[in-house]
Each structure stands twice: as C-alpha cells, then as structure tokens.
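Take a look at the structure set out below.
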Amino acid sequence: MPELPEVEVTRRGIAPHLEGRTIANTVVRHHGMRWPVPAGLARTLQGLTVRSVGRRGKYLLLECGAPVAASKPKAAKAQTAQAAEPGPDAAPAGWLILHLGMTGSLTIVGPDVAPGKHEHFDLTAGPATLRLNDPRRFGAVLWHAASEGPPEQHPLLAGLGVEPLTPAFTAELLFKATRGRKVSIKQALLAGDVVVGVGNIYASESLFRARIRPTTAAGRVSLARYQQLVPQIRAVLAEAIDKGGSTLRDFHANGQAGYFQLDYFAYDREGEPCKVCRTLIRRIVQGQRSTFYCPACQR
DNA sequence: CAATTTACCTGGGTGC
DNA sequence: TGCACCCAGGTAAATT
C-alpha cells in the first residue's frame, strides 16, 4: 500500500498515542524482515520515552530518549526549571526506524489484543501498543543509535531526495537533477534520489495530470514541463493525505487507516476510457513496474 | 558512473 | 478443488 501519503497518514495516526509515552515493552515475533530486526531491541528501547514520530520519505522515525524526570505540564516546567532536568530537548538515545515495504501497516491496539498471523512487532508505551502487520515482510524495523550520528546519516536515509511537500521541491531542482539522465521520467520519479515518496501509483497519476508521456527521457523534459509537473505531484500527494486524514479518527478503532484511495485518472485503468478525452488508457511496463497513461492526453 | 536486473516474501486472482 | 502461473503500492544490492 504505502506511498508517502499512506505513511504520513499513519504517522499522524500513531503519533498522539506514542509521543511523550515511555516504552514498557517491545515484542519481536518475526526477526525476518527485509533486514533482521536487531537482537536486543527490546532491551535498547525499554524505559525510553518516544519524543516524536517523524517521517523521512517513506521511513518513520521514532525519536527515543531518556524520560523527563518530573512529569509536570510542559509550560509550567519551562518557566521554572528549564535546565534542571533532561527535557525533551536533551540528546536522544536514538531513533527507531520503521518502513512498511509493500504490505506493511501499523495499528494501535489496546492491551490483551491477540496478535494475528502477520503481526511481527509490538511496541507498548502507556496504554497503547503499536503493532506492525506485514505479510510480505519487505518492511523494516531498525535502530539508529544517536552515537552513530543524526538519522539523516543512516545509510538508508543518506541518499534520499527532497521531500515533495517542502519548498525545496522545485521545478528548477528537478530540471537540474535530471540533466543528462536517459532513464524515463516515470522511473526517475520513482527512483527516490531526486524526490522521495512518489511511488508507482502517484507517479502515473501526477504524469497524467501534467500531461507528460511517462516514457520521455527525464533529461529531455523541459523546465516548463517540470513547472507543470511539480505542482501536480504536490497536489496528488496532498489530496491523498487529506483523504486519508479524513478517516483518521477511525485509526484506533479499526486500525486500517492507510487503506484509502483517490479516484484515479490513469492508474489501474488499462482499457478504460480516459476521463478527459475517452481514449483508452494504456498499460506498459517500465523497469518491471506497470505504468498507466492516456496516449492522447500525455505527449 | 548510470541503467538494468535480481532479490527479498506472501497472497489473491485467473485459467486450465 | 487443485495447481501452475502472473501480478502486486518498495527499494537495496548485484550486475551490466
């Protein structure tokens, strides 16, 4: 499922259940994720507080650190005892890195909810248990200690492109980064080294909206066309996040936040009429992945 | 170097 | 009902 919008909706869904809570227990039922879940992870996390739930690309980053000694309300504490205790700004112990792969999803469950077949990982903090379900196990559960540097230096994060929903993502950047590249624009979007978070669905959708043929070499796409594309990528991702966010209050109850989809213009519509011009949508394969486009609208 | 292929896994759908 | 086969939203690692 998860492209950037699904991961972001998941982040928003789990954050209020975890932030500020101290980790009581961690259970690893299956170490065989994409990489082995670190042995001793439970011991590492035990007693740490989840300070924040962040995201970089499709990676979730739970910043964990020593708990704040006194548990007075933050505002009052900041006035009087700023330097006395390790506050939220104190150095973190590290980051729990989570990736959902192709089939991963996270839910919040209460105590005594029996784990299902593919529920490989639990993290209990306060009354909430964060539970990872991932049938295909392409996802990841990793630990990056603060002693190894900031999380952006982690090997999996170091080479990532810009966040598409920040001002750093511009047509000029996309244009410069793709000069000389012969790979198709669709595959360049997917690669993640220029911009992160655009997966197979939203690559097809944003190219449709920008009326760009997905097979065009990235290095031959003009600045003017990237100026069309960038706002469409932003829009399609933002719409998907909004749609997911609208079901967010169900996150705790049914745990299936992230299972939402826009009404696609191109994706998964092979042989169906284009919603703009009625020409039949085509499916092609690029880099072993399906691409959908309208041969009339996209040139 | 960049581009392409392979590999990691399970499950659902299709056609015989 | 069984079985072989194809396909699936990600992406690092190996190969060309």
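Bear in mind the structure is a predicted one, so any value in this text is a computation, not a measurement. We name chains A, B, ... by the order of the sequence lines, and we start the count at 1 in each one.
To the nearest angstrom, P of C:dC7 lies 6 Å from CZ of A:Arg283. The CZ-C1' distance, from A:Arg136 to B:dC8, rounds to 9 Å in whole Å. The nearest whole Å value for the distance from the OH atom in A:Tyr267 to the C1' atom in C:dA8 is 7 Å. Atom P of nucleotide C:dG9 and atom CG of A:Asn200 are separated by 5 Å, given to the nearest angstrom. Between the P atom of C:dG9 and the CG atom of A:Asp134 lies a distance of 15 Å, rounded to the nearest Å. Residue A:Asn133 contributes atom CG, which lies 10 Å from atom P of B:dG11 at whole-angstrom precision. Between the OH atom of A:Tyr202 and the P atom of C:dG9 there is a distance of 13 Å, rounded to whole Å. Atom pair A:Lys58:NZ and C:dA12:P shows a separation of 10 Å (rounding to whole Å applied).
Not a single donor-acceptor contact under 3.5 angstrom links the side-chain atoms of A:Arg137 to the base of B:dC9. Side chain A:Arg181 to base B:dA3: no donor-acceptor pair is found below 3.5 Å.
A:Val37 and A:His30 make their closest contact through CG2-O, 4.0 Å (heavy atoms, listed as atom of the first residue, atom of the second, distance). A:Asp268 approaches A:Glu272 most closely through the heavy-atom pair O-OE2, 3.9 Å. A pairwise comparison of heavy atoms in A:Leu18 and A:Ala125 identifies CD2-CB, 4.4 Å as the closest pair.
In terms of phosphate contacts, A:His99 brings no side-chain nitrogen or oxygen within less than 4.0 Å of OP1 or OP2 of C:dA12. For A:Lys117 and B:dG11, the shortest distance from a side-chain N or O to OP1 or OP2 is below 4.0 Å. One finds a side-chain N or O of A:Tyr59 lying less than 4.0 angstrom from the OP1 or OP2 phosphate oxygen of C:dA12.
Each of A:Gly180 and A:Gln288 was assigned the nucleotide of DNA chain B with the nearest heavy atom; the assignment lying further toward the 5' end belongs to A:Gly180.
Here A:Phe138 does not lie in a stacked arrangement on the base of B:dC9, lacking the combination of planes under 30° and ring centres under 5.5 Å apart.
Base pairing annotation: C:dG9 forms no Watson-Crick or G-U wobble pair, as no partner gives both donor-acceptor distances under 3.5 Å. Applying the Watson-Crick and G-U wobble criteria (two distances, each under 3.5 Å), C:dC3 pairs with B:dG15.
For the P atoms, the distance from B:dT6 to C:dC6 is 15 Å, rounded to whole Å. Nucleotides B:dA3 and C:dG9 have their C1' atoms positioned 23 Å apart, rounded to a whole Å.
Set against C:dG10, B:dA3, B:dT4, the side chain of A:Lys182 has B:dA3 as its closest nucleotide. Taking every side-chain heavy atom of A:Ser290 into account, C:dA8 is the closest of C:dA8, B:dC8, B:dG11.
Using a 4.0 Å heavy-atom cutoff across all strands shown, A:Leu156 reaches sugar-phosphate atoms only and no base atom.
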Handout entry: From CA spacing to verdict: side-chain contact (heavy atoms from CB on, under 4.5 Å), A:Leu280, A:Arg269
Key = CA-CA 9 Å; A:Leu280 300 188; A:Arg269 297 197 67 242; over 6 Å; no

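Test A:Leu229, A:Thr215, A:Val198, A:Thr216 against A:Leu207 for side-chain contact (heavy atoms from CB on, under 4.5 Å) and you get one pass: A:Leu229.
Using a cut-off of 4.0 Å between Lys/Arg side-chain N and Asp/Glu carboxylate O, A:Glu8 and A:Arg55 are scored as salt-bridged.
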